[in-house]
Structure formats: C-alpha cells, structure tokens
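To start, the structure itself, in structure tokens.
Whatever order the structure lists them in is the order used to number ligands and atoms, beginning at 1.
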Amino acid sequence: MSTTPPVTPPTPRRKPKPEITRIGDRQLKPATLMMGFGYDPTLSEGALKPPIFLTSTFAFPSAEEGKRFFEGITGQRPGGSEGLVYSRFNGPNQEILEDRLAVWDGAEDALVFSSGMSAIATLLLACCGQGDVIVHSGPLYAATEGFIARTLSRFGIGYVDFPAGAAPAEISAALEKGKALAAQQGGKLALVYLESPANPTNALVDVEAVAAARDAIAPEAPIAIDNTFLGPLWQRPLDHGADVVVYSLTKYAGGHSDLVAGGLSGARRWMDPIRMLRNTMGTICDPNTSWMLLRSLETLELRMTRAGENAAKVCAFLAGHPKVEGLGYLGMIADPRQQDIYARHCSGAGSTFSLFITGSEAESFRFLDTLKIAKLAVSLGGTETLASHPASMTHLSVPPERKAALGITDNLVRISVGIEDPDDLIADFAQALDAA
Ligand SMILES: *Cc1c(COP(=O)(O)O)cnc(C)c1O
C-alpha cells in the first residue's frame, strides 16, 4: 500500500527588496544603477542576471487580483497594471528595461517597443486624431517624415514643418500656422515633434525656444523629441522643456548592431495613453531583445564615452586634411547660433558626423570602397565604425530640391565612429582619403 507524501505548505510569496538608489544623501548615478535597478534576484532563484521570461501569459494569484490587473490594462485604474497579465502588454524583462531607460532620461516612466519606428508610430497615433496638426522640425528620419506626410495625412492629420536651426520667431510662426490650420480642419495642434541633431547634417533644434513658444501658443500640446543621436548620455531633453523622449534603441543604446528596438520616456501623464495603444497594437519589445538591451545599458556610458573621444580625435585629423572640404561635427560648430544651442542643450558632441570630401559622388565612392576598418553600412551607434553615402542610400528618394535645401550633397559621407583604437581609425581614414 503506497502512502501519499505529506503536503508541504506553500512558501509565502516573496516581496521584492526595496530599490537602493542612494547612499546617505548621495543619489546614485545611472552608470551604477544599470547593474541592478528594477531587478530583485531573490524573486528569480538568486539569478544575478534576470532570466529571459519566455511566456505568453501570466498566472493570477487570485481572481480578485486578476480583475485589478485588468482594470490597469484597460485604463479604468490609472498608471498601468499592478501585475503582469499577457505578454502583448508587458513582461518582466521589458519592465526592468523600462525602469532603467527612465533612469537615464530622468523620466517618471518609459515604454519599450519592437523598433524605433513602432515607438514613433504608436506615439503619433496616440496623440493625434482626425483634423489635428503636428508641427515638426525638418529634416526628420525619412520613415518618420513619410509616416506623417503619407500615412497620417490619409486620416485627416495635417502637418507644418520648420527647419531644425530655426530662430525663435520662425518657430513661433510655425506653431501659429499649425494652430490656424488645426482650427480650419476642426482639430487641435496635437503635437510638436522634433529631431535634434537632425540626420545627416547634425543641425540642432533649440528645444528651449520651442518649449517657450509652445507654452505661449499651444500649452496643451506635448513636445516629443527624437534623441537617438545624442541620447541618453549627451542630451537630456526633459531638462530643456521636452515632454517625451524618443529613441531608436537600435543605435547607441543597443550599441552592438545586433538588435532592433525603440523607446519612449516622459511623465506618466503622456506615457499612459501611449501604453494603452501599445497594449492594443502589440508594438512592445520582445523579452529576448529587452534582455540584450539590459546587457547593453550596463556599458552605455563606457561605449559612448570612448566613441565620443574617438570621434574627437578622428575629426581633429580630418579637419586639417586637404581632401576634406568640411565637417558636420558637433565638436567643431562654426555657426554662432548653432554653437549657442549646443552649449545650452548638449554635454557631448557624439560620434556621428558628416564628412564632405573634396569632389563629388565618384570621389566619395572611392573613399568608401577603400576603407578597410570602417564598414560600408547604414545605421549608427554600434561598437564598430560605419560609413555611408546619404545622397545615394538613406536619402535616395528625397527630391533633388529638398536634398539641396537640407545640404545633402554628393560629396557627403556620413560616419559613425565606434570604439576601436583611434590611431587605427585615423590610419584607415588617411589611406582612404589618399585613394579618393
Ligand atoms: C534609426 C532611426 C530611427 C528608426 O529606428 P528603427 O529602430 O530603425 O525603427 C528613428 N530615428 C532616428 C534618428 C534613427 O536614427
């Protein structure tokens, strides 16, 4: 006769340990918090690194709690769900990543997405309805510009743009124009959308001037800014009056050219409606990519600092070279207004810049084809140095007049400097310039 083993009582559900974010009155820096913030190993068998949670759904502790969690998901209870429900809404890896991304931006909340473009599309759809108007700086990342001009326009959403380097009066005029257009269409000025620095020219937007104009003309409209080129290390737009920070995490944040993801951060007031739409559409980042991004954020400051130092050394060499006609590098700005914007908004010049080769497309192509260390590829912000030719690649479909207005010439090569040895990079650029 077999005996049933005694039933052991269940261990009580463990509570997460309180977050350590200060020592005495010292607030810990993001570089320190990236190693532990938002994750309690005791909840995952002591695993030092968070496991990757491959599950589509989550078991509720009780029916009552399941109901409460759903009240958070559906927005009947503000601030998101108190517990995990279903992986289209959220998961442990994504939540830890969101907590850590918010730390970098000094934001109340953050959301992660399957790509930079799915973050941008979800943001725009959450903010705008029929008849509304977006006022945006130009140029924008080509897919963002296309989504506004060609997709949102099909739903009666209009736009007004102004050039990235615009002076305060020009910014105010664009907002007034946007407000008037919205009134005419029976909508509102729903969003001010910026990208700074702009790609590929590195023109900077005066975010502080945009915020002042918004406060005066359209106080209800949030300001979102694509901070992919300098963030989160060298520019913190929330400190300058922006409301939502936008990232392609594919670039510097991911940093190894091995994933595609996006992020938004800002106050809960702005994140809540965007989270609701992400819940509906399923544009959330997957657990594996989120885990890789947690790995990447641990070395973000190290990688970006080294890449920035390398770019400064490479540009110092390029600036004096007879085959170089000019440089669009934020560490060497000639225009006094751009220099003033830089001084007020940025803490570093980044590692992505444009290089104007003496000559045209033929010389640029010879230069690109002769590079030995730098790879010929679009994208930026990875550990490896990349070079591309915007006029014939990323901006090929831009009409000639707009290309000319944006300064995208046939002798422009865009470089994203990585973390290699700087003297090796200089040797590579030197031999490729000789061949051009
Ligand atoms: C790459 C990029 C995007 C789009 O991001 P994906 O991750 O490729 O979807 C948006 N904005 C900027 C400035 C970018 O460089």
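The residues D243 and R214 are annotated as salt-bridged, a charged nitrogen and a carboxylate oxygen being separated by less than 4.0 angstrom. A salt bridge links D258 to R295: at least one charged side-chain nitrogen sits closer than 4.0 Å to a carboxylate oxygen. With salt bridges taken as basic N to acidic carboxylate O contacts below 4.0 Å, one links D206 and R337.
Taking a cut-off of under 4.0 Å to the non-hydrogen atoms of A261, the atoms of ligand 1 that pass are 7 (O). Under a 4.0 Å criterion applied to the non-hydrogen atoms of D226, ligand 1 contributes the atoms 10 (C), 11 (N), 12 (C), 13 (C).
Below 3.5 Å of separation, one finds no N or O of L380 facing any N or O of ligand 1. The distance criterion of under 3.5 Å between nitrogen or oxygen atoms is met by M117 with respect to ligand 1. An N or O contact shorter than 3.5 Å is missing between E195 and ligand 1 by distance.
Interatomic distance, I419 CD1 to R303 CZ, rounded to the nearest 0.5 Å: 7.5 Å.
At the top of the distance list for atom 1 (C) of ligand 1, counting protein heavy atoms only, stands K251 NZ, 1.4 Å. Closest to atom 6 (P) of ligand 1, if we only count protein heavy atoms, is G116 N, 3.4 Å. Nearest protein neighbour of atom 7 (O) of ligand 1, counting heavy atoms only, is T250 OG1, 2.6 Å. The single protein non-hydrogen atom nearest to atom 4 (C) of ligand 1 is Y141 CE2, 3.3 Å, given as residue, atom name and distance.
The minimum heavy-atom distance between I96 and G38, with the atom names listed, is CG1-O, 3.4 Å.
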Walk me through it: do D109 and R275 pass the test salt bridge (Lys or Arg N to Asp or Glu O under 4.0 Å)? CA-CA 11 Å; D109 201 358; R275 179 190 286 104; 2.7 Å; yes

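Heavy-atom distances between F229 and ligand 1 reach below 4.0 Å in at least one pair.
In terms of modelled atom types and a separation under 3.5 Å, the side chain of T201 and the main chain of G407 share no donor-acceptor contact.
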